[in-house]
Enquirer: 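One structure, pasted below without further comment.
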Amino acid sequence: MSTNSSSEQIVEHLHSLLDMVRWSVSAFNEAGLFYGHGTDNPWDEAVSLVLQVLHLPQDLPQRTGDQLFHSRLTPAEKLAIVELVNRRTEERIPLPYLTNQAWFCGLPFYVDERVLIPRSPFAELITDQFEPWLEGAQPTSILDLCTGGGCIAIALAHAFEEAEVDAVDISPDALQVADLNIQEHGLSHRVFPIQSDLMGSLTGQQYDLIVSNPPYVDAEDMDSLPEEFEHEPELALAAGHDGLELVDNILRQAPSHLTDNGWLFVEVGNSEVHMHGRYPDLPIQWIQFENGGHGVFAISKNELVEYYKAVDH
């Protein structure tokens with residue numbers, strides 16, 4: 001049966017929003033998709049897809065959602081859902097790239113294949129304003145290193161309303177997306193996209209808080225990533241044999257770019273295992289997340305300075 005005839009049958013025989021969600025879940029299960037770009041299961045993925053096609057909010061109140069699930073859709077609406085489900089299953093494109101929409105810290109962001117889809121556990125730290133490490137201090141200068149589409153930088157600006165945030169990335173393509181998001185959130189007066197190879201172009205700049213979600217996927221994991229990840233920019237994922245190719249430089253550069261009481265937070269994901277072998281004496285604190293996630297460490301400027309004093313002598 002051709003795709004066109006199959007789509008016509010679906011449009012003819014399925015009627016409600018719930019019908020389309022159920023059919024989408026079945027299609028996703030049959031295709032054996034990978035989840036992890038905003039959802040972690042086929043039901044949530046299908047609900048998100050259908051609501052986005054219908055231009056409905058993702059966070060509907062339960063009562064409203066229950067009623068809405070039984071509403072009937074127009075043939076054009078059903079066809080639009082079918083077309084998107086077919087692309088998701090046949091091309092293995094992550095849903096946020098199909099809709100150009102992703103959420104981070106409860107905020108909407110534009111995404112496309114120039115940038116990673118946001119999914120960092122940094123969201124929890126930002127929501128908690130990096131407590132207890134900052135001890136209630138409100139940073140006024142923040143660096144988001146390897147900003148990608150600018151999601152972390154923008155969320156930081158929302159969390160710390162008096163702060164200016166430098167959103168730094170080596171990729172001009174990524175910075176175009178970051179700038180678009182900065183403009184969309186009305187933060188061009190406080191969030192500044194800067195092209196730089198890590199901190200190489202930030203001479204003389206110091207920050208109360210440096211946050212970095214750099215490329216950290218090691219060679220073994222790069223070889224075994226699900227097909228969905230092939231749509232993301234490799235520049236933003238791959239980081240050498242042990243995933244720490246950039247982290248080494250970040251740790252070396254950070255002391256001169258942190259204020260006296262400044263803190264550095266870095267996400268290394270699964271490459272956490274390599275950190276223990278590479279830096280057995282580095283006094284980093286691994287963060288425990290309540291909402292899931294791992295592989296993020298914190299270290300103060302003072303600890304970094306003392307560490308490199310010992311190492312370099």
Side-chain angles (χ1 to χ4, degrees), residues 3 20-59 80-123 146-155 169 171 173-178 180-181 184 213-218 221-239 243 267 269-270 291-295:
T3 300
M20 296 308 300
V21 170
R22 197 284 308 157
W23 171 78
S24 300
V25 171
S26 296
F28 292 164
N29 284 336
E30 183 180 3
L33 298 182
F34 172 83
Y35 309 96
H37 293 95
T39 68
D40 60 8
N41 63 82
W43 176 266
D44 287 347
E45 183 102 343
V47 170
S48 180
L49 183 152
V50 170
L51 291 179
Q52 287 185 74
V53 170
L54 300 177
H55 305 288
L56 293 170
Q58 297 282 301
D59 54 351
I81 291 167
V82 170
E83 289 175 347
L84 214 57
V85 168
N86 286 341
R87 290 199 68 196
R88 178 71 182 92
T89 55
E90 293 168 9
E91 300 176 53
R92 291 296 203 276
I93 299 173
L95 178 59
Y97 286 154
L98 293 172
T99 61
N100 297 122
Q101 185 91 68
W103 283 263
F104 182 73
C105 277
L107 301 167
F109 293 95
Y110 173 88
V111 294
D112 61 29
E113 294 189 19
R114 290 174 289 179
V115 297
L116 289 186
I117 296 163
R119 49 187 178 270
S120 171
F122 268 128
C146 305
T147 193
C151 305
I152 289 176
I154 290 165
D169 206 285
S171 166
D173 288 340
L175 288 172
Q176 288 177 3
V177 177
L180 189 156
N181 280 316
E184 187 67 25
N213 181 14
Y216 58 69
V217 183
D218 65 29
D221 283 351
M222 281 299 296
D223 289 339
S224 60
L225 287 175
E227 193 173 341
E228 277 83 353
F229 288 92
E230 294 178 7
H231 296 276
E232 295 193 292
E234 185 175 344
L235 178 67
L237 290 169
E267 180 174 347
N270 289 341
N291 300 321
H294 68 283

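Counting begins at 1 with the first residue of the sequence.
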Enquirer: Counting C-beta onward and ignoring hydrogens, is there a side-chain heavy-atom pair between V47 and Q58 closer than 4.5 Å?
Expert: no

Enquirer: Is the shortest heavy-atom distance from the side chain of P42 to the side chain of L33 under 4.5 Å?
Expert: no

Enquirer: List the residues meeting side-chain hydrogen bond (donor to acceptor under 3.5 Å, both in side chains) with E227, not counting sequence neighbours, and say none if there are none.
Expert: none

Enquirer: Just to verify, what does F34 make a ring pair (Phe, Tyr, Trp, His ring centres under 6.0 Å) with, not counting sequence neighbours?
Expert: F229

Enquirer: Any chance you could measure L56, atom CG, to S48, atom OG, to the nearest 0.5 Å?
Expert: 11.5 Å

Enquirer: Could you tell me which residues satisfy ring pair (Phe, Tyr, Trp, His ring centres under 6.0 Å) with F109, sequence neighbours excluded, listed by chain and number?
Expert: H185

Enquirer: Tell me which pairs pass salt bridge (charged side-chain N to carboxylate O under 4.0 Å, His left out) where either residue lies in residues 34-43, with sequence neighbours left out.
Expert: none

Enquirer: Using the side-chain contact (heavy atoms from CB on, under 4.5 Å) criterion, which residues pair with P121? Sequence neighbours excluded.
Expert: E267, F289, V296

Enquirer: List the atom of V85, the atom of A27, and the distance in Å for their closest heavy-atom pair.
Expert: CG1-CB, 3.8 Å

Enquirer: Looking only at heavy atoms, what is the nearest atom pair of A155 and L107, with distance?
Expert: CA-CD1, 4.1 Å

Enquirer: Strictly by salt bridge (charged side-chain N to carboxylate O under 4.0 Å, His left out), give each pair with a member in residues 93-115 just once, sequence neighbours left out.
Expert: D112-R114

Enquirer: Could you give the distance from OG (S24) to CG (L49), rounded to the nearest 0.5 Å?
Expert: 6.0 Å

Enquirer: Could I get the full list of side-chain contact (heavy atoms from CB on, under 4.5 Å) partners for N41, not counting sequence neighbours?
Expert: W43, D44

Enquirer: Evaluate the side-chain proximity of N29 to V25: yes if any heavy-atom separation is below 4.5 Å, no if none is.
Expert: yes

Enquirer: Specify the closest pair of heavy atoms between T147 and A153, including all atoms of both residues, with the distance to one decimal.
Expert: OG1-CB, 3.9 Å

Enquirer: I'd like to check the salt bridge (charged side-chain N to carboxylate O under 4.0 Å, His left out) partners of E91; sequence neighbours left out, ordered by chain and number.
Expert: R87

Enquirer: Testing the basics here: between I152 and F122, what is the closest heavy-atom pair and its distance to 0.1 Å?
Expert: CD1-CD1, 3.9 Å

Enquirer: Locate the shortest heavy-atom distance separating P57 from L51; write the atom from each residue and the value.
Expert: O-CD1, 3.6 Å

Enquirer: Applying side chain to side chain donor-acceptor pair (under 3.5 Å), which residue pairs with at least one partner in residues 92-103 are found, sequence neighbours left out?
Expert: Q52-T99

Enquirer: Flag the pair L95 / T39 as yes when at least one side-chain heavy-atom distance between them is below 4.5 Å, and no otherwise.
Expert: no

Enquirer: With A102, which residues qualify under side-chain contact (heavy atoms from CB on, under 4.5 Å), at least two apart?
Expert: P96, V111, I117, P118

Enquirer: How long is the span from the CG atom in L98 to the CD atom in E83, to the nearest 0.5 Å?
Expert: 12.0 Å

